[in-house]
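These numbers come from the heavy atoms of this one structure, side chains and all, not from hydrogens, waters or symmetry mates.
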Amino acid sequence: MSKERLYLYDTTLRDGQQTQGVQFSTAEKVQIAQALDALGVDYIEGGWPGANPTDSAFFDTAPKTRARLTAFGMTKRAGRSAENDDVLAAVMNAGTRAVCLVGKSHDYHVTDALGISLEENVENVRASVAHIVAQGREALFDAEHFFDGYKDNPAYAMQVCQAALEAGARWVVLCDTNGGALPAEVGRIVSDLVAAGFPGDRLGIHTHNDTENAVACSLAAVDAGARQIQGTLNGLGERCGNANLTALIPTLLLKEPYASAFEIGVNRDALTGLTRISRMLDDILNRVPSKQAAYVGASAFAHKAGLHASAILKDPSTYEHVDPATVGNARIIPMSNQAGQSNLRKRLTEAGLQVEPGDPALGRILERIKAREAEGYSYDTAQASFELLARDELGQLPQFFEVKRYKVTVERRKNKYNQMVSLSEAVVVVKVDGEKKLSVSESMDENGSDRGPVNALAKALAKDLGQYSPILDDMHLVDFKVRITQGGTEAVTRVIIDSEDGQGRRWSTVGVSANIVDASFEALLDAIQWKLVRDCSPQSVVAE
């Protein structure tokens, strides 16, 4: 049986940019558009030309894409023709193959927000869509507040959508603008439209996540007959976000009944890049990726309980609904004081350490983990620090260098502009390749801003490690987290550092101390050592 075509419409660059604190540069929008095109989405909504300089500049420099690049705008205003509406003209002048216009489909918004008659609004929709079609463009109509409007006045909501269809709209997109609709009512209302004669292959769905149901509502609309889904990468969007395409795409490709019933533009090969694209977007936004994100999160395939890990060793499907490799993710067996030997052996195997069942070293490693966690360490997420601990206990941890001492100073002073500024300076003495080396570094970046004492330490430590310094050139800090694990005079600081290198590898390390700088330095040392363990051949290591 042939599959039906289901179309994916990405609005990360427009609706996703409505996220609080998010503002893409033109170059970033181009980068994201190229990644979306490589993934295989059908439409890429680039923004609202004329609404801001960045969106206008994007359409001027937009990359060539297989996907239909789409400009977004609103229907013409009352009292003027579509040909003479300057806002609509700016959208048309973007020159895109497709144009999406938003218009009111809720009678309350027409009369109270726009202040026009219901008939005028219908004519605005009809005339605007007809104008797009007359220019040889593909027209899409976003029926704003459709589900609320349908519940209040179903006849009018359908009249607006019918006007868009009759004017030549390729898609009428039903929008849950306030994000309050639930899956059952979305399914029922879309079914009502299809039963009333609206062709499902011209209906789309656009949901918001204000009740954590955006993905479920989108699937309910597909079940009822809609054949286009609008959403964003990582669920970006106004308020609580839009339907998350990084959850929807693998669900449509890997889960029944969708996998057998529908064909989408994303294929299995492209799907393996989904996690990378998700994290690329977070990198652009300087945001920490959500560990609990479905499919692409760092914890999506993490198995902490010993019982789970034991079963995973026998058959991964016992606790995994899909193979993590299908979405470019990886299985993680965290280490913590809840761990058993099944977890431990699995994690050691993934680190390239083969230890036979019953080996006394397993018990020693577990006891050491439990003792360290009692002191405030956490190996649940700090996988790289766990690996170094295990290697040390197994006698398989090379000594690349030895830190003899370090010192950090922080100075607060006025600069030549009479502004108070701070500056950190670090001195690190290491023994490497049989000789002592002293390195000094400041925390000032290329823009003249202070990056803090930990930055100064990292720069000083990596400055002169002899034969090992070139290996660290592509390593950088991604995230830095601080937690106070006890209160009062017994307070202990735990620092988790996430690092990344040019190969796209990410790893986490932990440090604990009463002193935040000391805890940070310990985590930093582990991060560097893990990188060297992975990238140095045994023959290149000089014993200290």
Got a salt bridge between [X] and [Y], using NZ or NE/NH1/NH2 to carboxylate O under 4.0 Å?
{"X": "Glu138", "Y": "Arg97", "value": "no"}
{"X": "Asp37", "Y": "Lys64", "value": "no"}
{"X": "Asp501", "Y": "Arg506", "value": "no"}
{"X": "Arg505", "Y": "Asp535", "value": "yes"}

Criterion side-chain contact (heavy atoms from CB on, under 4.5 Å) on Leu281 and Ile32, from CA distance to verdict: CA-CA 7 Å; Leu281 179 62; Ile32 294 166; 3.7 Å; yes
For a quick test of reading the model, state the closest non-hydrogen atom pair linking [X] to [Y] and the distance between them.
{"X": "Met158", "Y": "Phe198", "result": "O-CZ, 3.5 Å"}
{"X": "Phe58", "Y": "Leu13", "result": "CZ-CD1, 4.0 Å"}
{"X": "Cys217", "Y": "Leu182", "result": "SG-C, 3.6 Å"}
{"X": "Lys76", "Y": "Ala127", "result": "CE-CB, 3.8 Å"}
{"X": "Ser128", "Y": "Ala82", "result": "CA-CB, 4.4 Å"}
{"X": "Thr19", "Y": "Gly16", "result": "OG1-O, 2.6 Å"}

Check: [X] side chain, [Y] main-chain N or O, donor-acceptor pair, under 3.5 Å:
{"X": "Lys531", "Y": "Met475", "value": "no"}
{"X": "Trp507", "Y": "Ala527", "value": "yes"}
{"X": "Gln17", "Y": "Arg14", "value": "no"}
{"X": "Asp282", "Y": "Arg287", "value": "no"}
{"X": "Thr96", "Y": "Thr70", "value": "no"}
{"X": "Gln228", "Y": "Leu8", "value": "no"}
{"X": "Asp176", "Y": "Ala181", "value": "yes"}
{"X": "Lys481", "Y": "Ile497", "value": "no"}
{"X": "Ser385", "Y": "Val510", "value": "yes"}
{"X": "Asn234", "Y": "Ser278", "value": "yes"}

Show your working on side chain to side chain donor-acceptor pair (under 3.5 Å) between Asp148 and His109 and close with a plain yes or no. CA-CA 10 Å; Asp148 291 333; His109 283 268; over 6 Å; no
Please work out whether the ring planes of Phe262 and Tyr258 are parallel, tilted or perpendicular, with thresholds of 30° and 60°.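 Parallel, since the angle between the ring planes stays under 30°.
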Using 30° and 60° as the class limits, which term best fits the ring planes of Phe301 and His321: parallel, tilted or perpendicular?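 Phe301 vs His321 ring planes: parallel.
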Residues two or more places apart in sequence or in another chain: which of them pass side chain to side chain donor-acceptor pair (under 3.5 Å) with Ser218?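 For Ser218, the residues satisfying side chain to side chain donor-acceptor pair (under 3.5 Å) (neighbours in sequence not counted) are Thr207.
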Run the side chain to side chain donor-acceptor pair (under 3.5 Å) test against Thr111 and tell me which residues pass, sequence neighbours left out.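 Thr111: no side chain to side chain donor-acceptor pair (under 3.5 Å) contacts found.
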Could you check whether any side-chain heavy atom of [X] comes within less than 4.5 Å of a side-chain heavy atom of [Y], counting everything from C-beta outward?
{"X": "His106", "Y": "Glu144", "result": "no"}
{"X": "Glu119", "Y": "Glu123", "result": "no"}
{"X": "Val129", "Y": "Leu165", "result": "no"}
{"X": "Asn329", "Y": "Tyr295", "result": "no"}
{"X": "Phe141", "Y": "Val160", "result": "yes"}
{"X": "Gln159", "Y": "Val122", "result": "yes"}
{"X": "Ile44", "Y": "Val41", "result": "yes"}
{"X": "Val91", "Y": "Met74", "result": "no"}

Can you confirm if the aromatic rings of Tyr43 and Tyr9 lie within a centre distance of less than 6.0 Å?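 Yes, the ring of Tyr9 comes within the 6.0 Å limit of the ring of Tyr43, centre to centre.
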What's the verdict on side-chain contact (heavy atoms from CB on, under 4.5 Å) for Arg239 and Gln18, showing C-alpha distance, side-chain angles and the deciding distance? CA-CA 8 Å; Arg239 302 186 312 276; Gln18 304 306 313; over 6 Å; no
Rounded to the nearest 0.5 Å, how far does [atom2] of [Y] lie from [atom1] of [X]?
{"X": "His208", "Y": "Gln230", "atom1": "NE2", "atom2": "CD", "answer": "9.0 Å"}
{"X": "Thr61", "Y": "Lys29", "atom1": "OG1", "atom2": "NZ", "answer": "10.0 Å"}
{"X": "Asn121", "Y": "Leu114", "atom1": "CG", "atom2": "CG", "answer": "6.0 Å"}
{"X": "Arg268", "Y": "Thr272", "atom1": "CZ", "atom2": "OG1", "answer": "11.0 Å"}
{"X": "Gln31", "Y": "Leu36", "atom1": "CD", "atom2": "CG", "answer": "10.5 Å"}
{"X": "Ile205", "Y": "Cys175", "atom1": "CD1", "atom2": "SG", "answer": "7.5 Å"}

Given Val102, which of Val173, Val125, Asp142 fulfils the side chain to side chain contact (heavy atoms under 4.5 Å, CB included) condition?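 Of the listed residues Val173, Val125, Asp142, the side chain to side chain contact (heavy atoms under 4.5 Å, CB included) partner of Val102 is Asp142.
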If you measure only the distance, is there a donor-acceptor pair under 3.5 Å linking the side chains of Gln383 and Glu387?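 No, Glu387 and Gln383 have no side-chain donor paired with an acceptor closer than 3.5 Å.
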Judged by modelled atom types alone, do Tyr156 and Ser105 share a side-chain donor-acceptor pair under 3.5 Å?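 The answer is no; no qualifying pair exists.
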Non-neighbouring partners of Phe146 that pass ring pair (Phe, Tyr, Trp, His ring centres under 6.0 Å), sequence neighbours left out: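 Ring pair (Phe, Tyr, Trp, His ring centres under 6.0 Å) list for Phe146, sorted by chain: Tyr150.
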Counterpart residues, salt bridge (Lys or Arg N to Asp or Glu O under 4.0 Å), relative to Asp323 (two or more places apart):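 Salt bridge (Lys or Arg N to Asp or Glu O under 4.0 Å) check on Asp323 returns nothing, list empty.
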Identify, with sequence neighbours excluded, every residue that meets salt bridge (Lys or Arg N to Asp or Glu O under 4.0 Å) alongside Arg137.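 Applying salt bridge (Lys or Arg N to Asp or Glu O under 4.0 Å) to Arg137 gives none.
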With sequence neighbours excluded, residues passing side-chain contact (heavy atoms from CB on, under 4.5 Å) with Arg80: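 Expected list: Arg77, Asp85, Asp86.
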Residues Glu166, Arg126; criterion side-chain contact (heavy atoms from CB on, under 4.5 Å); working and verdict: CA-CA 8 Å; Glu166 290 176 353; Arg126 186 206 62 75; over 6 Å; no
List the steps and the verdict of side chain to side chain donor-acceptor pair (under 3.5 Å) for Asn124 and Thr75. CA-CA 6 Å; Asn124 288 345; Thr75 56; 5.5 Å; no
Test side-chain contact (heavy atoms from CB on, under 4.5 Å) on Arg227 and Arg202; report intermediate values, then the result. CA-CA 7 Å; Arg227 294 296 177 259; Arg202 294 177 69 183; over 6 Å; no
